[in-house]
Amino acid sequence: MDEPRLKLAIQKSGRLTDPSLDLLVRCGLKISRGKDQLMAFGENMPLDVLFVRDDDIPDLVQEDVCDLGLVGLNVLEEKRLELAARGHPVRFQQVRNLDFGRCRLSLAVPQGASFEGASSLRGRRIATTYPFLLENYLRERDIEAQIVTLSGAVEIAPRLGRADLICDLVSTGSTLQANHLREVETVLESHAVLIRTPLALAPVKDEWVERLLMRIDGVQQVRESKYIMLHAPRDALPEIRKLLPGSESPTIIPLEGFPDRVAIHAVCRENVFWETLESLKKAGASALLVLPVEKMLA
Ligand code: ATP
Ligand code: ZN
């Protein structure tokens with residue numbers, strides 16, 4: 001009998017596609033994907049990748065077509081509220097927050113329009129592709145407004161006279177600016193998440209989910225981490241250790257021929273900035289070297 005294989009859904013083509021594939025490759029997955037193919041075969045893990053529209057990812061896990069999915073929290077939370085509104089149980093679990101796909105669902109008004117807090121929304125028409133998140137936001141603030149649900153091009157709705165303001169995804173704000181809109185409130189801070197089915201999996205699949213989670217943690221830690229090496233006077237050690245950002249126990253190595261100096265090697269779990277290096281140098285450090293970390297397993 002064939003070995004059971006995990007199915008993971010990711011966005012077919014869009015903002016999450018490259019960072020999702022990059023994460024999987026960093027986790028060691030080798031996939032073969034033909035052009036325009038809907039599915040890629042994991043060559044070195046029992047894991048296949050399905051390429052779909054991001055909006056379909058929660059449903060695919062919900063309906064047990066896929067075991068795992070990489071999707072924006074915005075899409076996931078909208079789906080969760082929709083299921084709740086229809087009285088359906090939620091059949092996906094959020095298992096990891098990921099460090100890509102950062103954006104926020106925000107309210108934006110036409111430039112020049114006044115806005116004095118959420119109460120300014122009362123009785124207004126708000127265009128969005130996230131009606132459930134918006135409705136939830138309004139309900140929590142006890143505000144009645146009209147939600148205009150669109151399937152896209154939300155940012156032009158005010159100019160077309162279809163809405164007074166919008167509730168849409170923003171990252172840099174340049175799209176808003178280009179459409180003469182001003183961001184006024186955040187409805188949801190979002191980033192990509194990994195979801196899984198809450199159903200029990202075959203032992204082989206379960207084991208691979210655990211391995212994948214560990215590798216994802218390693219990949220995410222590494223992205224921020226640096227390996228730092230330096231020489232320092234032995235008596236400056238306490239000060240130097242305080243300056244090393246996010247490092248636990250550095251390795252201290254004696255230097256042949258220099259009894260009062262040591263070499264220090266440490267993994268820093270935070271980025272090492274020029275300012276940190278300058279402070280270290282002031283504290284007596286020399287021969288400073290900062291290296292990227294490739295893999296890490298706690
Ligand atoms: P699809 O065809 O898959 O439905 P889409 O148009 O819905 O594509 P994208 O614009 O590629 O999708 O956005 C996918 C996800 O990327 C969003 O749901 C969100 O989680 C994230 N994202 C990050 N930054 C932004 C941004 N500035 N605007 C929109 N989405 C963003
Ligand atoms: Zn979409």
Side-chain angles (χ1 to χ4, degrees), residues 7-24 33 35-40 48-63 65-66 68-83 90 92-109 111 126-137 147-159 163 165-196 216 220 223:
K7 278 202 198 74
L8 163 72
I10 72 168
Q11 193 184 20
K12 184 175 163 60
S13 111
R15 294 173 203 257
L16 298 179
T17 309
D18 285 346
S20 299
L21 285 171
D22 179 66
L23 176 66
L24 295 174
R33 181 192 182 190
K35 248 197 161 163
D36 289 329
Q37 259 181 357
L38 206 67
M39 193 147 117
D48 298 328
V49 181
L50 237 78
F51 297 90
V52 295
R53 286 201 54 198
D54 68 339
D55 316 71
D56 296 335
I57 294 172
D59 288 325
L60 288 167
V61 176
Q62 173 83 11
E63 287 154 21
V65 178
C66 289
L68 300 166
L70 288 173
V71 67
L73 187 65
N74 50 308
V75 169
L76 193 71
E77 290 306 301
E78 178 74 5
K79 191 75 209 175
R80 204 191 292 280
L81 291 170
E82 185 186 338
L83 287 167
V90 173
F92 44 75
Q93 285 172 351
Q94 195 176 322
V95 283
R96 281 299 180 277
N97 290 320
L98 304 170
D99 57 6
F100 61 88
R102 283 190 196 287
C103 59
R104 52 200 183 274
L105 184 66
S106 284
L107 291 163
V109 299
Q111 273 165 18
I126 314 172
T128 191
T129 51
Y130 296 88
F132 289 96
L133 278 167
L134 177 56
E135 202 242 347
N136 189 59
Y137 173 90
I147 298 172
V148 182
T149 305
L150 302 178
S151 56
V154 169
E155 64 281 359
I156 60 168
R159 258 187 299 158
L165 67 154
I166 68 164
C167 173
D168 202 9
L169 292 178
V170 186
S171 50
T172 60
S174 56
T175 310
L176 289 185
Q177 215 168 22
N179 286 286
H180 309 287
L181 295 163
R182 178 168 67 95
E183 188 177 355
V184 288
E185 294 268 319
T186 305
V187 173
L188 178 81
E189 293 276 357
S190 184
H191 49 77
V193 294
L194 175 71
I195 55 170
R196 66 157 285 170
I216 288 175
Q220 298 211 112
R223 281 209 251 252

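Counting starts at 1 for both ligands and their atoms, following the listed order.
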> Who's the nearest protein heavy-atom neighbour of atom 30 (N) of ligand 1, and how far?
Replying inline: L169 CD1, 3.3 Å

> Nearest protein heavy atom to atom 2 (O) of ligand 1, by residue and atom, and its distance?
Replying inline: R53 NE, 3.4 Å

>> For the CD1 atom of I216 and the CG atom of L194, what is their distance to the nearest 0.5 Å?
In response: 5.0 Å

> Quick one: does ligand 1 sit under 4.0 Å from the side chain of T172, the backbone, both or neither, non-hydrogen atoms only?
Replying inline: neither

> So which bit of R102 gets within less than 4.0 Å of ligand 1, heavy atoms only: side chain, backbone, both or neither?
Replying inline: backbone

>> R15 versus ligand 1: do any nitrogen or oxygen atoms come within less than 3.5 Å of each other?
In response: yes

>> For the residue pair Y130 / E77, report whether a side-chain donor-acceptor contact shorter than 3.5 Å exists.
In response: no

> Taking all atoms of both residues into account, what is the closest heavy-atom pair of L50 and C66, and its distance?
Replying inline: CD2-SG, 3.8 Å

>> When you measure from atom 12 (O) of ligand 1 to the protein, is at least one non-hydrogen atom found at a distance under 4.0 Å?
In response: yes

> Tell me, which protein residue and heavy-atom name are nearest atom 27 (N) of ligand 1, and how many Å apart are they?
Replying inline: S171 OG, 2.7 Å

>> Quick test: of every protein heavy atom, which one is nearest to atom 7 (O) of ligand 1, and how far off is it to 0.1 Å?
In response: D54 OD1, 3.2 Å

> For D99, does its backbone N or O pair with a side-chain atom of Q220 as donor and acceptor, under 3.5 Å?
Replying inline: yes

> Can you count the protein N, O or S atoms that lie less than 2.8 Å from the Zn ion (ligand 2)?
Replying inline: 2

>> For a salt bridge (Lys or Arg N to Asp or Glu O under 4.0 Å) check, start with the C-alpha distance between D22 and R223, then their side-chain angles and the critical distance, and finish with the verdict.
In response: CA-CA 12 Å; D22 179 66; R223 281 209 251 252; 3.4 Å; yes

> Where the side chain of S190 meets the backbone of N74, is there a donor-acceptor pair that is under 3.5 Å apart?
Replying inline: yes

> Do R104 and E183 sit within salt-bridge range, that is, some charged N less than 4.0 Å from a carboxylate O?
Replying inline: yes

> Between Q11 and ligand 1, is there a nitrogen or oxygen pair with a distance under 3.5 Å?
Replying inline: yes

> Of all heavy-atom pairs between I10 and L70, which one has the smallest distance, and what is that distance?
Replying inline: CG2-CD1, 3.8 Å

> Closest non-hydrogen protein atom to atom 24 (N) of ligand 1, residue and atom name please, with distance?
Replying inline: C103 CB, 3.4 Å

>> Only heavy atoms of G72, strictly under 4.0 Å: list the atoms of ligand 1 that pass.
In response: 20 (O)

>> With a 3.5 Å distance limit and no angle check, can you tell me whether Q11 reaches the backbone of L16 through a side-chain donor-acceptor pair?
In response: yes

>> Out of all atoms in ligand 1, which are within 4.0 Å of some heavy atom of G14? Include the element for each.
In response: 11 (O)

>> Whether the side chain of N179 engages the backbone of T175 through a donor-acceptor N/O pair (distance < 3.5 Å, no angle test) should be reported.
In response: yes

>> With heavy-atom distances below 4.0 Å as the criterion, list the atoms of ligand 1 near V75.
In response: 18 (O)

> For the side chain of E78 and the backbone of L133, is there at least one donor-acceptor N/O pair under 3.5 Å apart?
Replying inline: yes

> Quick one: nearest non-hydrogen protein atom to atom 18 (O) of ligand 1, plus distance?
Replying inline: N74 ND2, 2.9 Å

> In terms of atom number and element, which parts of ligand 1 are under 4.0 angstrom from non-hydrogen atoms of L16?
Replying inline: 15 (C), 16 (O)

> Roughly how far, to the nearest 0.5 Å, is the CD atom of Q111 from the CG atom of L181?
Replying inline: 7.0 Å

>> Would you compute the distance between atom OG of S106 and atom CD of E189 and round it to the nearest 0.5 angstrom?
In response: 7.5 Å

